[in-house]
Amino acid sequence: MTDKVRVRFAPSPTGSLHIGGARTALFNLLFARHNNGVFVLRIEDTDTERSREESVAQILRSMRWLGLDWDEGPEKGGDYGPYFQSQRLELYRREAQRLLDEGKAYYCYCTPEELAARREEMMKAGKAPRYEGLCRNLCDEDRKRYEAEGRKPVIRLKVPQEGQTVVEDIIRGTVVFENSVLDDFIIMKSNGVPTYNFACVVDDHAMKITHVIRAEEHLSNTPKQIQVYKALGYELPRFAHVPMILAPDRSKLSKRHGATSVEEFRDQGYLSQAIINYLTLLGWSPLDSEEIFDMDKAVREFTLERVNKTAAIYDVKKLTWINGHYLRELDLDYITDQIIPFMVKKGIITEEESGKKYEYIKQAVALSRDRSKTLDELADAIAFFFKDVTEYEEKGVKKHFCKENAAELLLKGAEALERLDEFTHESTEHAFRSLTDSMGLKAAELIHPTRLAITGRTVGPGLFEIIVLLGKEETVKRMRKAADWIRKHGAGASAS
RNA sequence: GGCCCUGUGGUCAAGUGGUUAAGACACCGCUCUUUCAAGGCGGUAACAGGGGUUCGACUCCCCUCAGGGUCACCA
């Protein structure tokens with residue numbers, strides 16, 4: 001009989017959601033959905049010093065933004081709550097007491113200072129730093145004496161010093177640890193709060209977690225946790241340790257590597273779909289070689305067996321490429337909605353204008369989105385549709401504004417456009433081409449300076465698309481303004 | 001340092017004893033074109049090293065080396 005699959009993502013709220021954490025959450029979600037299971041979110045806030053409420057909010061926000069929806073957890077509830085470890089202290093204390101009563105755990109009165117000193121000694125002696133079980137067999141008298149000294153005890157688990165602890169990992173296979181490398185680790189701190197290795201086990205059991213899918217850094221913790229499972233008489237879940245995500249220099253991801261949190265990527269203009277797609281590809285691969293796919297396909301095909309064992313270095317270039325793909329393929333209204341906050345932030349439009357100019361923004365996006373990789377870039381790329389040109393790209397000036405007849409040509413072009421009754425792609429293009437034909441010029445000789453005049457740049461969408469969207473009046477105005485600029489700066493003069 | 005994990009091009013990554021060792025990103029050409037992208041076509045580039053096992057190893061075993069993780073009253 002197979003139990004319903006239940007997995008969990010259990011972040012500690014000590015910072016933002018990292019892309020590594022997001023990937024772990026994603027794999028849990030994919031596995032749960034693939035198996036019609038339940039995805040639980042649990043907040044591991046037992047570190048009273050470092051846990052912050054703002055972090056919880058940020059993590060939830062990031063997960064929602066990515067579409068990593070949990071079935072049970074904060075703001076959602078469920079039959080196995082509460083989902084904050086700080087609200088489950090009674091349970092841990094009860095289980096710890098049980099261990100105490102059964103003689104499987106004991107109070108330890110050593111102070112952090114004493115412990116640190118001994119650890120250092122052992123290190124100096126070239127030995128592995130481990131607790132030697134000093135308080136393992138304390139008599140009542142010793143205990144009373146320590147209590148009288150005002151020492152607050154921790155609770156340690158009695159770990160067997162012989163034999164081995166075996167981790168059967170779905171991704172890594174059988175991993176054997178000698179028990180002699182384990183020590184009597186702390187399960188309850190002196191403040192009555194459990195440590196990670198204890199709380200995690202108690203909760204995974206209480207929440208009926210069937211598969212523990214987490215980052216590889218936890219593999220070495222697993223034998224300890226297995227000892228807790230055994231002491232408590234719990235059945236073991238299945239374990240799967242997914243490879244880590246490393247920075248480009250092969251070290252662990254940290255702030256010095258630029259953007260690492262989900263929110264930073266979002267603010268840089270990456271779409272959630274792109275991040276999900278990219279993260280899915282880090283450590284896992286689909287059956288076929290098509291690398292662009294949505295979460296539905298990932299859910300359909302996801303198995304832990306196809307997760308590879310090697311740590312992956314994340315590559316922003318590939319993420320950016322995927323982002324570019326979604327930028328041009330996703331629904332136009334959706335991209336338009338996404339671009340607005342970026343435009344507002346950059347001062348290109350105001351919040352109020354965004355509603356009124358929605359259709360116009362949408363058309364600008366339609367013209368430019370092929371050429372941008374991120375929302376941030378795209379916002380810059382369409383800025384000229386909303387704000388007058390204030391400067392001209394230098395290399396463009398040299399190339400297109402410094403010719404003898406540059407100003408005159410722009411003026412003639414403006415006139416030709418002005419005469420048009422119908423202002424369409426066809427009519428404007430025709431006007432330009434017949435003008436240049438009559439002057440014995442190539443159309444490009446007018447097109448390029450015009451682009452520079454009305455956008456300030458040498459690159460961008462097709463000129464006539466721009467002209468039509470920008471409108472006759474504005475186009476003509478900008479062309480004349482550019483002609484003035486050229487005269488002022490002198491034909492043949494180099495860029496200012 | 002002890003223990004554990006890992007090792008296919010610059011990066012991601014197929015591959016599970018016999019393959020011309022896929023594909024993608026990046027890079028470089030060509031093409032399309034009013035520019036830039038996008039698209040199309042093509043190219044450079046890899047099984048860490050050494051021993052075994054085998055008729056035959058990228059695939060299995062051992063050693064070396066390299067990278068990573070972990071050794072807290074952090075998770």
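The sequence lines fix the lettering, A, B, ..., with proteins before strands; numbering per chain opens at 1.
For A/K297, the side chain to side chain donor-acceptor pair (under 3.5 Å) partners are A/D288, not counting sequence neighbours. Scored by the side chain to side chain donor-acceptor pair (under 3.5 Å) test, A/R238 finds no partners at all (sequence neighbours excluded). When the salt bridge (charged side-chain N to carboxylate O under 4.0 Å, His left out) test is applied to A/R119, no partner is found at least two apart in sequence or on another chain. Residues that satisfy the ring-ring contact (aromatic ring centres under 6.0 Å, His included) test with A/F265, not counting sequence neighbours, are A/Y270. Qualifying ring-ring contact (aromatic ring centres under 6.0 Å, His included) partners for A/F177, counting only residues two or more places apart in sequence or in other chains: none. Every residue two or more places apart in sequence or in another chain that forms a side chain to side chain donor-acceptor pair (under 3.5 Å) with A/E132 is listed here: A/R118. Annotation: side chain to side chain donor-acceptor pair (under 3.5 Å) contacts of A/T458 (sequence neighbours excluded): A/E393.
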Distances under 3.5 Å only, N/O to N/O: pair up the protein atoms with those of nucleotides 19-23 of chain B.
| from | atom 1 | to | atom 2 | distance (Å) |
| --- | --- | --- | --- | --- |
| B/rG23 | N2 | A/E291 | OE2 | 2.8 |

Listed pairs, N/O of protein and of nucleotides 44-49 of chain B, under 3.5 Å:
none

Enumerate all atom pairs, one protein N or O and one N or O from nucleotides 67-75 of chain B, separated by less than 3.5 Å.
| from | atom 1 | to | atom 2 | distance (Å) |
| --- | --- | --- | --- | --- |
| B/rU70 | OP1 | A/E217 | OE1 | 3.2 |
| B/rU70 | OP1 | A/K252 | NZ | 3.0 |
| B/rU70 | O4' | A/S220 | OG | 3.4 |
| B/rC73 | O2 | A/S190 | N | 2.9 |
| B/rC73 | O2 | A/S190 | OG | 2.8 |
| B/rC73 | N3 | A/S190 | OG | 3.0 |
| B/rC73 | N4 | A/C110 | O | 3.3 |
| B/rC74 | OP2 | A/K189 | NZ | 2.7 |
| B/rC74 | O2' | A/D47 | OD2 | 2.9 |
| B/rC74 | O2' | A/R50 | NH2 | 3.1 |
| B/rC74 | O2 | A/R50 | NH2 | 3.2 |
| B/rA75 | OP1 | A/T46 | OG1 | 2.7 |
| B/rA75 | OP1 | A/K189 | NZ | 2.8 |
| B/rA75 | OP2 | A/Y196 | N | 2.9 |
| B/rA75 | O3' | A/E44 | OE1 | 2.6 |
| B/rA75 | O2' | A/S12 | OG | 3.3 |
| B/rA75 | N6 | A/N221 | OD1 | 3.1 |
| B/rA75 | N6 | A/N221 | ND2 | 3.3 |
| B/rA75 | N1 | A/N221 | OD1 | 3.2 |

Using atom names, set out every protein N or O paired with an N or O of nucleotides 34-37 of chain B below 3.5 Å, distance rounded to 0.1 Å.
| from | atom 1 | to | atom 2 | distance (Å) |
| --- | --- | --- | --- | --- |
| B/rU34 | O2' | A/H448 | NE2 | 2.9 |
| B/rU34 | O2 | A/R451 | NH2 | 2.9 |
| B/rU34 | N3 | A/L463 | N | 3.4 |
| B/rU35 | O2' | A/T458 | O | 3.2 |
| B/rU35 | O2 | A/T458 | O | 3.4 |
| B/rU35 | O2 | A/G460 | N | 2.9 |
| B/rU35 | O2 | A/G460 | O | 3.3 |
| B/rU35 | N3 | A/R451 | NH2 | 3.3 |
| B/rU35 | N3 | A/G460 | O | 2.5 |
| B/rU35 | O4 | A/G460 | O | 3.4 |
| B/rU35 | O4 | A/G462 | N | 3.3 |
| B/rC36 | O2 | A/R371 | NE | 2.6 |
| B/rC36 | N3 | A/R371 | NE | 3.0 |
| B/rC36 | N3 | A/R371 | NH2 | 3.2 |
| B/rA37 | O2' | A/D370 | O | 2.8 |

Show me the donor-acceptor pairs, under 3.5 Å and distance only, between side chains in residues 15-25 of chain A and residues at least two apart or in other chains.
| from | atom 1 | to | atom 2 | distance (Å) |
| --- | --- | --- | --- | --- |
| A/R23 | NH1 | A/L282 | O | 2.3 |
| A/R23 | NH2 | A/P243 | O | 2.2 |
| A/T24 | OG1 | A/G20 | O | 3.2 |

